[in-house]
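Just below is one structure, and these are the notes that go with it.
A note on names: the letters A, B, ... follow the listed sequences, proteins ahead of strands, and every chain is numbered from 1.
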2 protein chains.
Amino acid sequence: MTEPPDRAPSPHPGPQGAQVAFLLSQLGEHASQAFARRVAELDLTPAQAGLLRAVSLAPGQHQQELARRLGMSPSRFVAFIDAIEERGLVERRRNPKDRRFQDLYLAPKGEEAMRGLAEAALAHEEALCTGLDPQERIALAGLLRRIAEAQQLTAGVHPGYRRLNPRRDSV
Amino acid sequence: MTEPPDRAPSPHPGPQGAQVAFLLSQLGEHASQAFARRVAELDLTPAQAGLLRAVSLAPGQHQQELARRLGMSPSRFVAFIDAIEERGLVERRRNPKDRRFQDLYLAPKGEEAMRGLAEAALAHEEALCTGLDPQERIALAGLLRRIAEAQQLTAGVHPGYRRLNPRRDSV
DNA sequence: TATTGTTATACTCTATAACTATA
DNA sequence: TATAGTTATAGAGTATAACAATA
């Protein structure tokens, strides 16, 4: 019986008008935590999942390029990749044209992990949208995309990566 | 020139179907960061803002009660309150009926801070919803609330409090 | 000299376990 | 004995700066 932290107050002291901002913040955190729990079943952290996807989309990028995209410092990135490489998910290869670069490629086990991640993402989406019919889901996605555009968020860019270890949360 | 981390990959490897979950996670993080920047102008962290609101809504709660609601351990809560009390925002008072309890009350400066926070929350909501007309905002809030209910999230409960120091982010 | 990757160092944040004072 | 608050200690996470290899 892990007693859920009941009635935690909001960081947003919005009385009546402020609703969307708080709901977005609340649901976003909830969605992130739920996704973290899902990838944890694959023995992955969200950051690791993000790296695998980045390497999968564009194989052969070198480390600092990827580090910048994930928003982490090159020095942290080393240990981060060390763990992933030891598990046989990605492979470091010295770039023959310029031996200073370590290019990253997906290993067979990494391809397998990607399939698991795709499955997890679909299940995650479905679980989160429970209660909304297909039309409502499309309408919601449209409104959210409008906000994302107005806020000038790059499509597919998630700002919450720096954190390597997801928070375990009783909720 | 702080170069924004361009094209960071998503932690959610959703190809086509998975949209709402990622957008919620992305926008939620964005909203949280934007709010953190706003309260930072008042020299407050989101957690401090949350505490002030909690004390404002229910004055006289004792520390462990509030610590549990904010999702932090009693030991961390001590230093957390120390800083807030030193700034004259809240006041600790020994409960005369049971002197083990330290009850928390809003100090005059805390009331003043609450007014600033209310203003900040309204401006935050407005900035975030730029581009949506009033009808769309209501529709969006409705859909988000439906999801929150389906996910059994308590209204007004934000899970992202444990973190005391908000991430400063270039984005 | 400049840059990539790496390592080393110090610093912050957090969790856990003692300790005290009240009951 | 049990509980609220506090303090102390150790551990994890992070940032920054140095370093070696390559260009």
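Regarding B:Asp82, its CG atom lies at a distance of 9 Å from the C1' atom of D:dT6, rounded to whole Å. Residue A:Phe80 contributes atom CZ, which lies 14 Å from atom C1' of D:dG13 at whole-angstrom precision. One can place CZ of B:Phe101 at 7 Å from C1' of D:dT3, the figure rounded to the nearest angstrom. The nearest whole Å value for the distance from the NE2 atom in B:His62 to the C1' atom in C:dT22 is 14 Å. As rounded to whole Å, 17 Å separates atom C1' of C:dT7 from atom CD1 of A:Ile81. Distance CZ (A:Arg76) to P (C:dA10): 20 Å, rounded to an integer number of Å. The separation between B:Phe77 atom CZ and D:dG5 atom P is 9 Å, rounded to whole Å. Rounded to an integer number of Å, the gap from B:Gln61 CD to D:dG5 C1' is 16 Å.
At the phosphate of D:dG5, neither OP1 nor OP2 sits under 4.0 Å from any side-chain N or O atom of B:Arg93. OP1 or OP2 of C:dT6 has at least one side-chain nitrogen or oxygen of A:Arg92 nearer than 4.0 Å.
Sorted by first and then second residue, the pairs that involve residues 87-97 of chain B and meet salt bridge (Lys or Arg N to Asp or Glu O under 4.0 Å), not counting sequence neighbours, are B:Asp82-B:Arg92, B:Glu85-B:Arg92, B:Glu91-B:Arg93. For the salt bridge (Lys or Arg N to Asp or Glu O under 4.0 Å) condition, the pairs that include at least one residue of residues 128-140 of chain A, sequence neighbours left out, are A:Glu126-A:Arg137, A:Glu136-B:Arg146.
Side-chain atoms of A:His30 and A:Gln26, non-hydrogen and from C-beta on, never get closer than 4.5 Å to each other.
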Are A:Leu52 and A:Leu44 close enough, and set up right, to give a side-chain contact (heavy atoms from CB on, under 4.5 Å), and what steps lead you there?
CA-CA 10 Å; A:Leu52 290 180; A:Leu44 293 173; 4.0 Å; yes
side-chain contact (heavy atoms from CB on, under 4.5 Å) assessment of B:Val20 paired with B:Leu24
CA-CA 6 Å; B:Val20 168; B:Leu24 279 179; 3.9 Å; yes
How far apart are the C-alpha atoms of A:Leu89 and A:Leu106, what are their side-chain angles, what is the distance that settles it, and do they pass the side-chain contact (heavy atoms from CB on, under 4.5 Å) test?
CA-CA 6 Å; A:Leu89 298 173; A:Leu106 220 55; over 6 Å; no
Can you give one letter per nucleotide of nucleotides 18-23 of chain D, going 5' to 3': B for a protein heavy atom under 4.0 Å from the base, S for sugar-phosphate only, - for none?
----BS
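Between C:dT4, D:dT6, C:dT7, one nucleotide has an atom nearer to the side chain of A:Val78 than all others, and that is C:dT7.
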Under 3.5 Å between N/O atoms: give me all the protein pairs with nucleotides 8-11 of chain D, atom names plus distance.
none

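Under the rule for a side-chain hydrogen bond (donor to acceptor under 3.5 Å, both in side chains), B:Gln102 has no partner lying at least two apart in sequence or in another chain.
The main-chain N or O of B:Ala21 is never found under 3.5 Å from a side-chain atom of B:Ser25 such that the two would form a donor-acceptor pair.
Within the nucleic acid shown, B:Gln102 comes within 4.0 Å of sugar-phosphate atoms alone, with no base atom in reach, counting heavy atoms only. At a threshold of 4.0 angstrom between heavy atoms, the contacts of B:Gln63 are confined to the sugar-phosphate backbone, with no base atom among them.
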Validation: residues 111-123 of chain A side-chain donor-acceptor distances under 3.5 Å, sequence neighbours left out:
none

